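A short write-up of the structure that comes next.
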Amino acid sequence: MTTAAKPAVTGSPDPIGPGDLKSLRRRLLVPTLVLAGSLTAVVSSLGAPLIPTLSRADGVSLSTGEWILTITLLTGALATPVMGRLADGPRQRAVILVALAAVVAGCVLSAVSSGFTVLIIGRALQGVGLGLLPVAMAIARRNLPPEQARLTIATLSVTSVIGVGLGYPVTGLIAQVLGFRAAYWFGAITVTGSLVLAALVLPPRSAGTSRRFDVVGAALLSLAVIGVSVVLSEGGAWGWASARSLGVIAASVVLLSAWIPFELRTADPLVDLRQVRDRSVLTADVSGFLISIAMYLLLPVIVEFVQIPRSAGYGFTASLVVSGLVLIPLSAGSFVATRFLVVYERRFGSRTMIPLGSVVFAIAATFFAVEHSALWEAFVTVAVCGLGLGFTTGAMPGFIVRAVAQSETGSAMGFYQVVRSIGLTVGSALSAAVLMAHTRPGQALPDVDGFKVALIIAAALCLATAVVSFVLPGRGPDATRRPHRRRGEDLGVLLRNEAGLGGAGPAAGGKPLPPGPQEDRP
């Protein structure tokens, strides 16, 4: 009897098999999504601190230079609902890769631009990256267990805040040392790295089904958003009561009046407006709009305040780099707050999450309105503001995710991001209008009362957000904790089906577990 000879042991490691690669991709999924969202948020903020520098370099007025920031927000508002709807289909990975490629192209175009028009085109392409968040959230919900998905979605939601906090100091430092074009080369290089990582890690095809794209709905909404954004950006120069401003506003209202009934009638709408009837979805949308206005009433005001020379009677004569560093605590505070969201919800429920964060934000704004005699107070204010924003913006997507079906996550989050983008634009325009109203004729700088009024308005909006977000969800502390329940489907089954990671759940042939005693509770 002969025995087969065993192969010699060579000492070399076993080759990585398909299972190991799948496990590695699964572990890298969350970092990849967060990195993509954070970098595109950083890139979107690369224009704000450079507005005075680029305006002088290209020979345009400061009001025209504001379009370096406005065009990015506008493109993001247009791209978000489109990408959100596409995220509910089978090509989530392709949507993210195309968006990241557009951001890279925009960064390169801005870096090599020889005129203001080319720069604006580059900044517009960079704004496409702002539509990544609903796609990333839809991927997280579809590929991660519920607990991990909720934490990931909360983290993704604050990447816009984190991006602002990181983008300002990064821009200031690079621009001061290497010139403003180097800031866009920095964006191109880092986003290219994120693009390569996303191509290697993201699932090649999702389980969603293709649906007819709502071209008419997308066109109507895009034109309406463009009209609103243009008026908010140019209304101060045109005159808020001028024929041009009123005409554009009227046209936008007509377009929205046509868009709403069209979306309610069509079989596959760009945005399912029936979702807004759900109190949880309405809570997130309204709260997101209000808190976004407050955010852009506070952050640019503080950055500008610290740069004001002390000879004006206030301000700290801070450099561009120092004024950017003021926003670093915003990113840190927002990220820290998201780490406590799940623990807080388990202990106290979700109904008080947005009110708590809004009140913390209001306290920060009121503090700096009253006490602003030292630079450290700006750092403390922004840090506390970051904690409040982390709680509010981190909790809001959870209200939507728990209320809508998995197949509608991208669309619902896309509409939420559009509402937030409009809120940011309103806040930016409102802060400029307040400061302009407190600038005396012949003076270049506003009175300190202008900064105080802007901060008080921000605090008032935060308190309004706290009230709205507590009242809208309805009766009972569990009103915002129930996931969306499809007709005839048990809650426990739904939770397990949505946890389908790596072959778990009915979609992969597995059998759902029976509901536990807590899941039968009405």
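Since this is a predicted model, take the numbers as computed values, not measurements.
No cation-pi contact links R310 to F316, judged by a cut-off of 6.0 Å to the six-membered ring centre and 45° from its axis.
Annotation: the span from L74 atom CG to S222 atom OG amounts to 9.0 Å, rounded to 0.5 Å. Rounded to the nearest 0.5 angstrom, F399 CZ and S350 OG are separated by 4.5 Å. Here the SG atom belonging to C385 is positioned 5.0 Å from the CG atom belonging to L299, to the nearest 0.5 angstrom. Distance OG/S245 to CH2/W238: 6.0 Å, rounded to 0.5 Å. Here the straight-line distance linking atom CG of L28 with atom CG of L35 works out to 11.0 Å at 0.5 Å rounding. Taking CZ of F451 as the reference point, atom OH of Y314 lies at 4.0 Å (rounded to 0.5 Å).
Put simply, the side chain of I422 reaches to within 4.5 Å of the side chain of F289, judged on heavy atoms. Looking at heavy atoms from C-beta onward, F415 lies out of side-chain contact with P81 at the 4.5 angstrom threshold. With a 4.5 Å cut-off on side-chain heavy atoms, L33 and V201 do not count as touching. At least one side-chain heavy atom of L461 sits under 4.5 Å from a side-chain heavy atom of L297. Proximity of S358 to L463: side-chain heavy atoms (C-beta onward) are nowhere separated by under 4.5 Å. Taking 4.5 Å as the limit, every side-chain heavy atom of V303 sits out of range of all side-chain heavy atoms of V326. The shortest side-chain heavy-atom distance between T40 and L130 does not fall under the 4.5 Å cut-off. Contact of the E304 side chain with the L435 side chain is registered, since non-hydrogen atoms from C-beta on lie closer than 4.5 Å.
For the pair R123 (side chain) and I68 (backbone), a donor-acceptor distance under 3.5 Å is present. Panel note: side chain Q126, backbone G106; a donor-acceptor pair is recorded below 3.5 Å. With hydrogens and angles disregarded, no donor-acceptor distance shorter than 3.5 Å links the side chain of S292 to the backbone of L424. Side-chain atoms of T338 come within 3.5 Å of backbone atoms of F335 as a donor-acceptor pair (strictly under, hydrogens ignored).
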Residue pair R339, T155: steps toward the side chain to side chain donor-acceptor pair (under 3.5 Å) verdict
CA-CA 8 Å; R339 301 300 93 183; T155 302; 2.4 Å; yes
Applying side-chain contact (heavy atoms from CB on, under 4.5 Å), run through F367 and V384 and close with a yes or a no.
CA-CA 10 Å; F367 170 74; V384 176; over 6 Å; no
Quick one: do L221 and L78 satisfy side-chain contact (heavy atoms from CB on, under 4.5 Å)? Show the steps, please.
CA-CA 8 Å; L221 180 61; L78 299 179; over 6 Å; no
For V112 and R181, run side-chain contact (heavy atoms from CB on, under 4.5 Å): C-alpha distance rounded to whole Å, both residues' side-chain angles, the deciding distance at 0.1 Å, then the answer.
CA-CA 7 Å; V112 302; R181 297 186 187 280; 5.9 Å; no
Between T393 and R420, does a side-chain contact (heavy atoms from CB on, under 4.5 Å) hold up when you go through it step by step?
CA-CA 10 Å; T393 58; R420 283 193 63 192; 3.8 Å; yes
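Taking every heavy atom of both residues into account, T366 and A459 meet most closely at OG1-CB, 3.5 Å. Taking both residues in full, the closest heavy atoms of C462 and A294 are given as SG-CB, 3.8 Å, listed atom of the first, atom of the second, then distance. In terms of heavy-atom proximity, E377 sits nearest to S373 at OE1-N, 2.7 Å. Residues Q92 and N143 come closest through the heavy atom pair OE1-ND2, 4.5 Å. When all heavy atoms are compared, the tightest approach of L325 to F379 is O-CE2, 3.5 Å. Among all heavy-atom pairs drawn from I456 and A369, the shortest one is CD1-CB, 3.9 Å.
Judged purely by distance below 3.5 Å, without hydrogens or angles, the side chains of R141 and T152 never pair a donor atom with an acceptor atom. Between T283 and S280, the side chains place no donor N or O within less than 3.5 Å of an acceptor N or O (distance only, hydrogens not considered). In summary, the side chains of T317 and Q307 do not present any donor paired with an acceptor at a separation below 3.5 Å, with no hydrogens or angles considered.
With I96 as the partner, the side-chain contact (heavy atoms from CB on, under 4.5 Å) test is satisfied by one option alone out of T32, L132, L195: L132. Evaluated for a side-chain contact (heavy atoms from CB on, under 4.5 Å) with L39, the options T192, L100, T190, V34 yield exactly one hit, T190. Partner of S287 under the side-chain contact (heavy atoms from CB on, under 4.5 Å) criterion, chosen from T465, V419, L282: T465.
Ring geometry, H372 versus F305: the interplanar angle exceeds 60°, so the pair is classed perpendicular (tilted spans 30 to 60°).
Every ring-ring contact (aromatic ring centres under 6.0 Å, His included) that F391 has, sequence neighbours left out, goes to Y344.
Pairs of residues two or more places apart, or lying in two chains, that qualify as side-chain hydrogen bond (donor to acceptor under 3.5 Å, both in side chains) and include a residue from residues 447-461 are R440-D447.
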